Structures are given as structure tokens and as C-alpha cells.
Chemist: 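Quick one: structure below, then a few questions.
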There are 2 protein chains.
Amino acid sequence: MNLKRPAPTLYDVAVAADVSTATVSRCMNFPDQVAKKTYYKVMAAIKELGYSPNFGAKAMAARRTNTIGAIIPTMENAMFARGLEAFQKELRLHGFTMLVASTSYRPDVEEEQIRSLVARGADALLLIGHEREADIYRFLETQGVPSLITWVFDEKITQPSVGFDNRVAMMEMAMKVIEFGHTRLGFISAITFQNDRAAARLDGIKDAMKSAALNTSDLSVIETNYGIDEGAKAFDSLMGNGPRPTAVLCGNDVLAVGALRRARELKIAVPQDVSIIGFDDIELAQVAYPSLTTVRVPHRDMGRRAGHILADHVKNGTPLKSLQLKTEIILRETLAPVKT
Amino acid sequence: MNLKRPAPTLYDVAVAADVSTATVSRCMNFPDQVAKKTYYKVMAAIKELGYSPNFGAKAMAARRTNTIGAIIPTMENAMFARGLEAFQKELRLHGFTMLVASTSYRPDVEEEQIRSLVARGADALLLIGHEREADIYRFLETQGVPSLITWVFDEKITQPSVGFDNRVAMMEMAMKVIEFGHTRLGFISAITFQNDRAAARLDGIKDAMKSAALNTSDLSVIETNYGIDEGAKAFDSLMGNGPRPTAVLCGNDVLAVGALRRARELKIAVPQDVSIIGFDDIELAQVAYPSLTTVRVPHRDMGRRAGHILADHVKNGTPLKSLQLKTEIILRETLAPVKT
DNA sequence: TTGTCTAATGCAAGCCATTGCATATTGCAG
DNA sequence: CTGCAATATGCAATGGCTTGCATTAGACAA
């Protein structure tokens, strides 16, 4: 049944069009080096046979693939999805294809995926966050595959990166919260282990408290996985033990929305009894009820610029450069002055 | 500066380990065909040199890539993201890698992406919906690339598919709405042009109305793009002209949430003044306020099963089979009996 | 020790496109 | 018509890996 005749090759096309394989190849890659008449003849043959060039052979012969790989923790997160979509669109404009792989936040899987994409001949790689084994950077070096870090900007790191300063972004938000009179804070964080973004955000809150002369022991932190239910559970614990925080900051909007839902279930009024603050400003934030005060991250812009820089580097050899983007505090309904 | 020494090859490893390239190749692909001692020696050399096999060469020589491609309309849609994540996880279990490409709902881009993934040597393809040019199916045939359709199940189509019956799913929902006494319905649809899912859902509503002896002229339909704001705008128009519908069904949850938001802005009470119904049951649905009545689609299950079927087919030649999954009506707060 | 058989390894022919260089064709001035 | 330049085409080497088949080494029995 599955009697698959082998796919036609360049050679088959050449025979059908009665030219050499070189000519067919040029028709596809440099049409203006070929006489018009020949060109049409060849194109007809290609169409006729349903020919499609073999990527492997092409990559091998041409020593480049016009492919750029992106490795993200998860696709289920709207913020990565959005950034990637923009990244891909930008790459398309430059004639590149994007390959995505996701790691479920697991460093071992990430390493595997990096190797796999490199093996596939990715001309360059987009990575999220900078924290990974030195081995991996060394490997990329040996293989001659340039990489760009995103979602992060930190003067201290040496790799080129396009992103924002997670610590400062969260610090500004926390300072705003403190301005509103809150002194006992809660923080529902993503797992900080091997996640520099999450760790930096936590640092940001602490820094804000210090600069306001608050005691960081008045900050209760819960680390949890990504998900609405996880946010809800974390909120539960925060409200359970000891003196309640009057404002709960969250590492991302999804956690915040979970907290919001749980607050409603517990009949804790937001923002009257407690303020809830998110991070990312995904769509969820504005349709949540009450609508979520959060930190807007320019995901699309980040994806677009990363795509531009990377494509430019691979095509024209422009050196990779770092770029710091700005975040913005979006005040909506879930943040209010503390009750006195 | 960018003095990249060419990446090490099989040959380099062979020399370093003092064996033939064939042996190195076997170490990587069939370790048990190699003497232990040799194996360790080779592995040491590989590590030492930072060797990584060249995918193109490998693909060409082995005539398979262990890669399965997935082509989706957009990554920004949580429902695709979720299905894909499950699909990928399943593929990983079988030793396959997933390649994703998105099309922005544009058939021309889709065709391009299909060709591109095939050219990259995808061993099989996952496609969304069945409606596309015959040319494309013919191309896949010539290339000998099997494909599986998802998000859709329709006895009338010949391609193997794993999905649900969009028409029936929406029809059941509409019948439930009608049971609640609604007779003037609105439908905020995704663009139906070249989108069989959207078209089928519209049909489903009409069928439900007919079977309840309602006049389909009492159905106002607005087609719009994917997005919260688009849903909001569409809701506006539905409420603007002529007799208002008492229930507004939506082609997906995102549109529904947009409608919900606009209703709040317009001070139209949901569900007292108007019921709003979504489709997909993404997380958004349960955190929306009021929470959204919607149709639950088993995205994860669909992704998982599609992955299984496709992997099994490529690895073991098991014929592709179709599978119909069931959807479920999730009653939440946005649907209520019509006011009398 | 020798002979047999199996396990381990090596040889070398592909796989399919690209591309530098050589050759053939064409157009046009003289 | 010739001759030359410019353009179009073809030849054949190349890239890195897999794998069928041939060969060698090693284990074991006699």
C-alpha cells in the first residue's frame, strides 16, 4: 500500500528539462543567471514532478540553512508565544525559518534541545535567560553557532542579550506598591532555581523594601510552578499563616489571576482587603476582574528586535549587540492604597 | 574575530579515536554493535572534540530525520499551544523531534511552510483542519510524507484525522442555549473563509435553530479576526443594530471574553440581559468574570493521540487511523434562561 | 595448536545539492 | 562574415554521514 516512490531529485528535474543539475540549481537560487527560456522550461519540469529540494543535501552543500532556532521553557505561556510569533515574523522578512523547541523548564532537556537544533544546522540560536552551564556556551562556541539571550538584560552578563532588567522592573513595581502604603508584602514567585528571571524579580522586591527602609522579613515568599491553580494555592498559604500581607505581588500574570480567583472564593475583597499585582501584561490581565495591575513587558518588540539582530548578524556579519528594553507599570484595579 | 574553525566531523573523531568512521557512526546509533572498549574510546574522543553530528548529512545518508512537523495557524492561541505541547511531549517519548511553523491563518504562508518542513525532511506532518488546495495534498503524496489532520473530525473527509466534529459540538451548545429559551441569537465567528472549523461551527448553530424550528434569519453573524478587542468590537455591532440577540455565541473563548468585557463597559448585564457563550474552554474561560459557559475541547488529549498515531505510523508502519474525540458542554455563569 | 564460528571493524558506495572553473553559445561591432 | 565579449550552461569535486558487504580479530571447542 505504502508504495512510496522516492521523491524526485535535482537530477530527475535536470533530465526532464534536458539541462544539467547545475542549471536547475541556479534556477532555484539565482534565477537571473539563467536564460529566461531555460528558466521556464525548468520551472515547468519542477512543477510537473512536484520537486522539492532536499534540505539535508542543500544544507550540506551550501553550508548554511537559513534556519534560526528558538528554545523556550514552554509554549503554554502566552508571553513566550507572543514574543516568538513576532520573532518568527521578523525572521521571515529576512528569509529565515524559525525552529522552536520547548524544555518544560528543565535544564537537561534544554541542553538536549540546544544540541539537537545545532545538529539540525541552525545558523543561530535564541535562548531565554542567561543562566546555564558553561559547557553549553563552550559547545556553541566550538560549533560556531552564535546565540542571543532574551527576556533578560543585565549589564553583568557577557553574552549579547535583548531584554529588560527583571530586577529593576519588579523593583519599580514594588516601590509603587510601597508608595501606596503597603508594608507587609507577599510574593508568589516562579521557581527561582536555575531561573534567573524569577530570581531577579525576587531581588527587585527586596531591593525596593530596603530602599524604603522596610524590613525584608515582612516579605513572605512562596515559590510555585506556572499555572492558575498553582497561583491560587500559593495565595491560600499566604493568607493562611501569620499576619496577612496587604499586597501580594506575583511573578507573572497567570499566578496573579490564580490568586485573584482564590481571593474571590475566599471572599477576600480585591483591592480593598488585599492588592494583587501581576507581571507581563498578557491579555488575561485586562480581562481579569477586577483588572490586574501589572508590569508591561514589550514581548512583541523584544521578539522583533531579537529577530532583526540575529538575522542581520547571520546574513551580514553585523556583530550581535545587546539592547535594553523598558518595562512599564500598568495601573489597573487590583492595586489600591492600604486600608488604614 | 569570528575566526570559526570548522566544526569537527565524524572523520575527525575517527582519527582521534583511531577507528574508522563506520565505527564511530555505530557508536552513536547502535552502541551494542560495538565492543565496549572501543565504545568508551570513541565517546571520549567525541566529548574531547565537542563533536555533534551534522544533521543534513545524517538525514541524507539515513533517509529519515526523526522529525515531525506541525503547522498551526498561530502560536498566540492558547488552545493550539496546549495541544502542541502535548503533541511534542508524546513525540519525545518515541524519539522524535517536533518542528513548528505558524501561518498567521494565511493559506499561502501555510503552503510555504508545508514545503519548507517537507524540504527539511520532516518524516510526517501534523496539520490543522482539512481545507486546503488539492495541489498540496498531491505534493505531500509525491514526496511520500504522511500527514495527519487535527482539530477536526468529519466523516466526509478522506484524510486521516484526529479531532472532534466542530459542527456537532457547536450544534449541541446552541441547542442547549435554545433550551434556555433563547430565540434571537448572535454569533461572533472567526473568519470562515478557508477555515473549515469556523464554517462548521456556524453550520452547527444553524442546524440547531432549524431543528428547533427557529428561523435562521433570527441569527446575526459577525465574522472577525482572533483577539479580545475584535470580540469586543463585534459585540458592539451586534448590540447596535436592530433587535438585540438575547444570547451571543462565540467561535472561541477569546472572542467571548472580548464580548464579555464590552458588555461590562456597556453596562449590559451578563447573563441577565444577554448570555455569552465561548468555545474551547481555555483557562481564560474559568477566570473570566462572570465565568464563561463554553464547549470544552480536549486539546491535550488530541495532541497526545495525534502524536502517538503519527509516531507509530512512521516508526512501525502502522496505518494512520482517524479518531473522533468528544467535546463537552461546560455550564458556568454566562448562560442563563432568557428574561421573560 | 588448529579450525570454526561469531562478533567487531573497516571499506567504499551512495545520499542530493552547490559552486568554481571550463566550455559552449549568443549578440553585436567592425 | 569574423572575432570578441558577455552570457549561459555543463562538468565534476565536494560536503558528512550511513550501511551492505567484506574482512579481520577473538573466543572457544576439539
Side-chain angles (χ1 to χ4, degrees), chain A residues 4-43 45-46 49-67 116 118-121 123 142-144, chain B residues 4-43 45-46 49-67 115-116 118-121 123 143-144:
Chain A
K4 52 176 84 162
R5 156 183 28 262
T9 70
L10 236 214
Y11 178 79
D12 298 326
V13 176
V15 170
D18 193 29
V19 295
S20 72
T21 59
T23 301
V24 179
S25 173
R26 285 192 272 260
C27 278
M28 307 208 67
N29 301 302
F30 313 94
D32 38 319
Q33 283 181 24
V34 174
K36 271 204 166 165
K37 217 171 119 189
T38 320
Y39 177 78
Y40 293 132
K41 199 170 54 173
V42 169
M43 281 324 205
I46 288 178
L49 296 178
Y51 167 77
S52 157
N54 177 302
F55 174 77
K58 191 166 173 159
M60 201 162 64
R63 280 89 159 308
R64 84 195 115 65
T65 59
N66 289 325
T67 292
S116 154
V118 167
R120 291 195 129 66
D123 292 333
T142 334
Q143 296 287 328
Chain B
K4 51 176 85 165
R5 157 184 26 262
T9 71
L10 236 214
Y11 179 79
D12 298 327
V13 176
V15 170
D18 193 30
V19 295
S20 72
T21 59
T23 300
V24 179
S25 172
R26 286 188 192 105
C27 279
M28 308 209 65
N29 301 302
F30 312 94
D32 37 322
Q33 283 181 23
V34 173
K36 269 203 167 169
K37 218 171 118 188
T38 319
Y39 178 77
Y40 292 133
K41 198 170 55 173
V42 169
M43 281 324 203
I46 288 179
L49 295 178
Y51 168 76
S52 158
N54 178 302
F55 175 78
K58 189 167 173 159
M60 200 162 64
R63 281 88 150 313
R64 84 193 119 63
T65 59
N66 289 324
T67 291
R115 288 183 187 277
S116 155
V118 167
R120 292 197 125 66
D123 292 333
Q143 295 286 329

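Just so we're clear, the structure is a prediction, and the values are computed from it rather than from any experiment.
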Chemist: Could you tell me the separation between the CZ atom of Arg26(A) and the P atom of dG10(D), rounded to a whole number of Å?
Modeler: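 After rounding, the gap between these two atoms is 8 Å.
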Chemist: Check every strand shown and say whether Phe30(B) touches a base, only sugar-phosphate, or nothing at a heavy-atom separation below 4.0 Å.
Modeler: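 Since only primed, P, OP1 and OP2 atoms lie under 4.0 Å of Phe30(B), the category is sugar-phosphate.
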Chemist: What is the distance, rounded to the nearest whole Å, between atom CE of Met60(B) and atom P of dT19(D)?
Modeler: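 To the nearest whole Å, that distance equals 13 Å.
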Chemist: Does Tyr51(B) reach a base, just sugar-phosphate, or nothing at all? Heavy atoms under 4.0 Å.
Modeler: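 Here Tyr51(B) touches the backbone only, sparing every base.
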Chemist: Indicate yes or no for a side-chain donor-acceptor contact from Gln143(B) to the backbone of Arg115(B) under 3.5 Å, with no hydrogens or angles considered.
Modeler: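 Side chain of Gln143(B) to backbone of Arg115(B), a donor-acceptor pair under 3.5 Å: no, none is there.
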Chemist: What nucleotide, of dA17(C), dA8(C), dC11(C), holds the atom closest to the side chain of Ala35(B)?
Modeler: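 Of dA17(C), dA8(C), dC11(C), dA8(C) is nearest to the side chain of Ala35(B).
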Chemist: Heavy atoms under 4.0 Å, any strand shown: does Tyr39(B) hit a base, just sugar-phosphate, or nothing?
Modeler: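 Since no nucleic acid heavy atom lies under 4.0 Å of Tyr39(B), the category is nothing.
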Chemist: Rounding to an integer number of Å, can you tell me how far Met28(B) CE sits from dT18(D) P?
Modeler: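 One finds 8 Å between P of dT18(D) and CE of Met28(B), rounded.
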Chemist: Separation of Gln33(A) atom CD from dT18(C) atom P, in whole Å?
Modeler: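 About 12 Å, once rounded to whole Å.
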Chemist: How long is the span from the OH atom in Tyr51(B) to the CE atom in Met43(B), to the nearest 0.5 Å?
Modeler: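 If we round to the nearest 0.5 Å, Tyr51(B):OH and Met43(B):CE are 10.5 Å apart.
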Chemist: CG of Asn66(A) to CZ of Phe55(A): how many Å apart, nearest 0.5 Å?
Modeler: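 Output value for this atom pair is 8.5 Å.
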Chemist: Nearest-Å distance, NZ (Lys58(A)) to C1' (dT14(D))?
Modeler: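 After rounding, the gap between these two atoms is 17 Å.
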Chemist: Once you round it to whole Å, what is the distance between P of dA7(C) and NZ of Lys36(B)?
Modeler: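 Lys36(B) atom NZ is separated from dA7(C) atom P by 16 Å.
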Chemist: Across the strands shown, which category fits Ser25(A) at heavy-atom distances under 4.0 angstrom: base, sugar-phosphate, nothing?
Modeler: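 If one applies the 4.0 Å heavy-atom cut-off, Ser25(A) turns out to touch a base.
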Chemist: Distance from Met60(B) atom CE to Asn54(B) atom CG, nearest 0.5 Å?
Modeler: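 One finds 9.0 Å between CE of Met60(B) and CG of Asn54(B).
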Chemist: Quick check for you: to the nearest 0.5 Å, what is the distance between Ser52(A) atom OG and Lys58(A) atom NZ?
Modeler: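 Spacing of OG (Ser52(A)) from NZ (Lys58(A)) equals 8.5 Å.
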Chemist: Where each residue is assigned the nucleotide of DNA chain D containing its nearest heavy atom, which of Lys37(A) and Thr9(B) is assigned the position nearer the 5′ end?
Modeler: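 Upstream on the strand: Lys37(A).
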Chemist: If you assign each of Ala57(A) and Asp32(B) to its closest nucleotide in DNA chain C, which residue comes earlier from the 5' end?
Modeler: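 With Ala57(A) and Asp32(B) compared, the 5'-side residue is Asp32(B).
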Chemist: Roughly how many Å is it from CG in Asn66(B) to C1' in dC17(D), rounded to a whole number?
Modeler: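 After rounding, the gap between these two atoms is 14 Å.
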Chemist: Between dA8(C), dA17(C), dT9(D), which nucleotide has the shortest distance from any of its atoms to the side chain of Val34(A)?
Modeler: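 Within the option list, the nearest is dT9(D).
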Chemist: Going by heavy atoms closer than 4.0 Å, what residues in residues 17-24 of chain B are next to DNA chain C?
Modeler: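 Per residue number, the list reads Val19(B), Ser20(B), Ala22(B), Thr23(B).
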Chemist: Looking at side-chain heavy atoms only, is the closest gap between Lys41(B) and Thr23(B) below 4.5 Å?
Modeler: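 No, every pair of side-chain atoms sits at 4.5 Å or beyond.
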Chemist: Step through the shown structure and confirm whether more than 12 heavy atoms of other residues, nucleotides or ligands are within 6.0 Å of CG on Asp18(A).
Modeler: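 At most 12 heavy atoms, drawn from other residues, nucleotides or ligands, come within 6.0 Å of this atom.
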Chemist: Has Asn54(A) got a side-chain N or O lying under 4.0 Å from the OP1 or OP2 atom of dC15(C)?
Modeler: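 No, outside the criterion.
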Chemist: For Asn29(A) and dA17(C), give me the distance from atom CG to atom C1', rounded to whole Å.
Modeler: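 It works out to 9 Å between those atoms.
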Chemist: In Å, rounded to the nearest 0.5 Å, how long is the span from OG1 of Thr38(B) to CZ of Arg26(B)?
Modeler: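 Here the rounded value is 11.5 Å.
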Chemist: Nearest to the side chain of Leu10(B), which nucleotide is it out of dA17(C), dC15(C), dT18(D)?
Modeler: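 Nearest listed nucleotide: dT18(D).
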